[in-house]
Amino acid sequence: MIFGMEPMTFLLVIVAIISGLYMAWNIGANDVANSMSTAVGAKAITLRQAVLIAAILNFLGAIFLGSDVKHTLEKGIVNTDMIGDPHTVMLGFLASILAAAIFVTIATWKELPVSTTHAIIGGITGFGFITGGTDAIIWGKLGEVASSWILSPVAGAVIAFLVFRSIVHFVFASGKPEESAKKFGPLFIGLTFFIIFISLFTKTHLGDMLFTGEKQIIFCSIAVFVVSAVAGIFIVGRMAIGEGYDAVEFLFRKLQIITSCYVALSHGANDVANAIAPLSVVVTTALENTSLAGSDFSYYLLALGGIGIAAGIMTWGYKVMRTLGSKITALTNTRGFSVDFGTATTVLVASRLGLPISTSHTVVGAIIGVGLAKGLEAVDLSVIKKIVYSWAFTLPAAIILSILIYRGLSIVF
Amino acid sequence: MKGKTAHTRSPVSGIYRKKSPFTGLLEHMDKVKECTSILEDALVKYYRGDIKDFDKSAKKISELEHEADLIKGNIRSHLPSSILMPVDKKYFVWLLREQDAILDHAENLAQLMDMRHTNIPIKLKELFIEHVHLVADTVNEMDKVISKVKDLVESSFVRKDREEVKSYIRNVHRKEWEADQRRYELAKEIYKMEKELPPMDIYHLLKIADWTDDIADHAENVADWMRALIAK
């Protein structure tokens with residue numbers, strides 16, 4: 001007995017931890033770069049800054065905002081009560097995480113634009129299907145998640161479209177664009193802080209600790225909005241930025257530092273669960289008959305996921321960021337700002353709604369949104385087709401892989 | 001690993017074009033400007049009777065025309081139907097085509113004049129010189145229209161930029177009209193001389209006036225396509 005577990009169960013937990021960390025590493029190595037590439041490409045931040053921002057804020061997002069999506073992946077896709085046997089549940093979640101990890105590795109090697117999120121959902125659905133039959137799958141929630149995959153790029157597009165159009169309307173169309181930018185830009189920064197604040201504290205553990213009621217949170221969020229907007233106006237008001245459209249871009253280059261943090265935070269919030277949720281189920285189930293049963297390891301596991309993501313960014317992700325950043329030089333800062341804001345807001349809201357979505361696909365949606373707002377000189381829409389194919393391809397592939405791996409694991413364990 | 005780049009499964013990388021079609025348009029315009037300026041100088045010298053280096057200018061114009069053709073081809077071959085632009089792609093391609101026509105006509109004219117050194121009658125000299133200056137002015141005004149494309153794209157076609165472009169477009173029309181008037185005068189004078197000059201000279205003089213004027217016509221067409229391009 002190790003920690004009150006059978007040796008084989010303990011081994012299973014270790015394998016799950018390693019695969020979970022590997023998934024987190026993968027997210028850090030690849031997916032983060034996709035969402036940070038707009039800021040790097042628009043030269044708002046250097047590669048080094050991008051790595052630092054992404055690592056820290058993904059970690060914070062994972063810990064403080066990651067639990068809603070984690071909950072969905074643990075309990076929302078497969079009804080584990082229908083499966084019953086805890087050993088089967090453990091093997092199943094391990095199979096799903098291994099399936100996703102292998103699939104994502106192959107996809108990265110083949111450079112297919114697939115989503116980690118879709119892979120893990122496919123993995124969980126696959127094993128749930130063969131161990132508990134169709135009744136074990138919570139179709140309603142799965143439908144909700146699947147529709148969020150279509151809705152999230154659309155939402156990203158709509159928000160980015162509106163942000164860019166309002167920059168055009170309030171800044172570019174004004175007689176003195178640089179002066180208007182100084183007033184208008186900080187308002188969006190205020191709005192960013194407002195959304196982050198309200199997401200951090202509404203119906204969260206942290207919110208329960210610090211605040212007594214929702215009214216108090218809303219009041220404080222508004223205060224945060226006013227203070228950050230006013231502070232922003234004050235700070236940029238003193239900047240010597242020159243005149244004309246170049247000055248506008250220069251100012252938004254500064255503001256984009258904030259929005260790229262916002263993207264990293266939201267990304268951590270949504271994606272950490274892809275690696276951690278299945279692991280969490282394995283750990284919790286393994287500890288059920290031990291003295292540690294009932295203890296809540298959520299935060300430790302989320303932190304572990306955050307560390308895995310940060311490690312992925314620092315060991316490999318920077319290379320991907322550099323590659324992508326050099327390809328995305330066409331994106332100026334007002335555009336990058338709009339894309340960042342649209343992406344981060346969509347991903348953060350989805351995270352709080354417990355919807356596991358693809359950040360990468362949301363970024364694409366946001367870029368197309370700016371393109372539709374006549375903000376980009378040329379956008380290749382054939383990427384939409386590639387994404388649709390990746391949806392159609394990822395789910396069945398991950399499901400089949402998960403079933404095969406589950407069969408294999410049942411022989412070993 | 002592909003070269004030195006890391007493997008990614010990023011959908012973002014495929015969404016952008018390596019080079020914006022508008023950048024290509026501006027590069028093409030640079031060739032047009034260089035070409036018309038060479039042509040203007042060469043024609044003025046020619047009218048004054050200095051045809052010593054005309055063949056060199058004609059050759060240079062041909063080279064520029066070819067370089068511009070490559071730019072044009074490159075822009076057009078990178079505009080598949082999946083590309084979303086902030087303007088109507090059809091209008092953009094027509095604009096480019098008209099801009100390229102300026103070079104074609106400049107080349108034809110230079111080649112024609114290099115083939116036969118037609119003597120310009122003294123009383124027509126000044127009229128011819130004035131005419132070529134007006135044609136070059138038309139192209140220069142059109143250049144202002146095209147150069148503004150950078151601001152237009154950056155501001156996403158806000159009204160004040162569009163109004164500015166429209167005022168440049170009006171200048172193009174004015175210059176083109178002035179060039180036309182000069183050409184009519186030229187034609188009138190040339191017809192008056194039909195008894196004095198050999199028919200082949202008359203033919204060539206008319207042809208030179210016409211083909212020079214064609215350049216201004218195409219510059220005007222470019223401006224008109226730009227007008228369509230920025231229309232709300």
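Here the structure is a predicted model, which means the values were calculated and not measured. Letters A, B, ... are given to chains in the order of the sequence lines, protein chains preceding strands, and every chain is numbered from 1.
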Candidate pair Phe103(A) and Phe393(A), rule ring-ring contact (aromatic ring centres under 6.0 Å, His included), full reasoning: CA-CA 11 Å; Phe103(A) 180 76; Phe393(A) 165 68; 5.7 Å; yes
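Taking the charged nitrogens against the carboxylate oxygens, Lys144(B) and Glu141(B) do have a contact shorter than 4.0 Å, which makes a salt bridge. Using a 4.0 Å cut-off between a side-chain N of Lys or Arg and a carboxylate O of Asp or Glu, Arg335(A) and Glu249(A) qualify as a salt bridge.
Cation-pi check for Arg97(B) over Trp94(B) is met; the charged atom lies under 6.0 angstrom from the ring centroid and within 45 degrees of its normal.
The backbone N or O of Ala110(B) lies less than 3.5 Å from no partner atom in the side chain of Asp114(B), so there is not a single donor-acceptor pair. Side-chain atoms of Thr394(A) do not come within 3.5 Å of backbone N or O of Ala119(A) as any donor-acceptor pair. Side-chain atoms of His28(B) never come within 3.5 Å of backbone atoms of Gly24(B) as a donor-acceptor pair (strictly under, hydrogens ignored). Counting only distance, with no hydrogens or angles, the side chain of Asn333(A) and the backbone of Ala42(A) share a donor-acceptor pair below 3.5 Å.
No other option in Leu112(A), Ile368(A), Thr334(A) has as many heavy-atom pairs under 4.5 Å with chain B as Leu112(A). Contact count against chain A (heavy-atom pairs under 4.5 Å) is highest for Tyr16(B) among Phe22(B), Tyr16(B), Phe157(B). Considering only heavy-atom pairs separated by less than 4.5 Å from chain B, the leading option among Val364(A), Thr38(A), Val363(A) is Val364(A). The candidate with the highest count of non-hydrogen atom pairs below 4.5 Å against chain B, out of Leu381(A), Val383(A), Asn34(A), Val104(A), is Asn34(A).
Between Trp225(B) and Tyr91(B), the ring-plane angle classifies as tilted under the 30° and 60° cut-offs. Ring geometry for Phe128(B) against Tyr47(B) counts as tilted: the plane angle lies between 30° and 60°, on a 0 to 90° scale.
For Thr332(A), the part sitting under 4.5 Å from any heavy atom of chain B is the side chain, from C-beta outward, and nothing else. With a 4.5 Å cut-off on non-hydrogen atoms, Thr105(A) does not touch chain B at all. If you measure heavy-atom distances from Ala33(A) to chain B, you find no contacts under 4.5 Å at all. Both the backbone and the side chain of Leu372(A) come within contact range of chain B, judged by heavy atoms closer than 4.5 Å. For chain A, the nearby part of Asp161(B) is the side chain; its heavy atoms alone come within less than 4.5 Å. Heavy atoms closer than 4.5 Å to chain B are found in the side chain of Ser37(A), but not in its backbone.
Heavy-atom neighbours of chain B within the stretch residues 22-32 of chain A, taken at a separation under 4.5 angstrom, comprise Asn26(A), Asn30(A), Asp31(A).
Within a 6.0 Å radius of NZ in Lys90(B), no more than 12 heavy atoms belonging to other residues, nucleotides or ligands are found.
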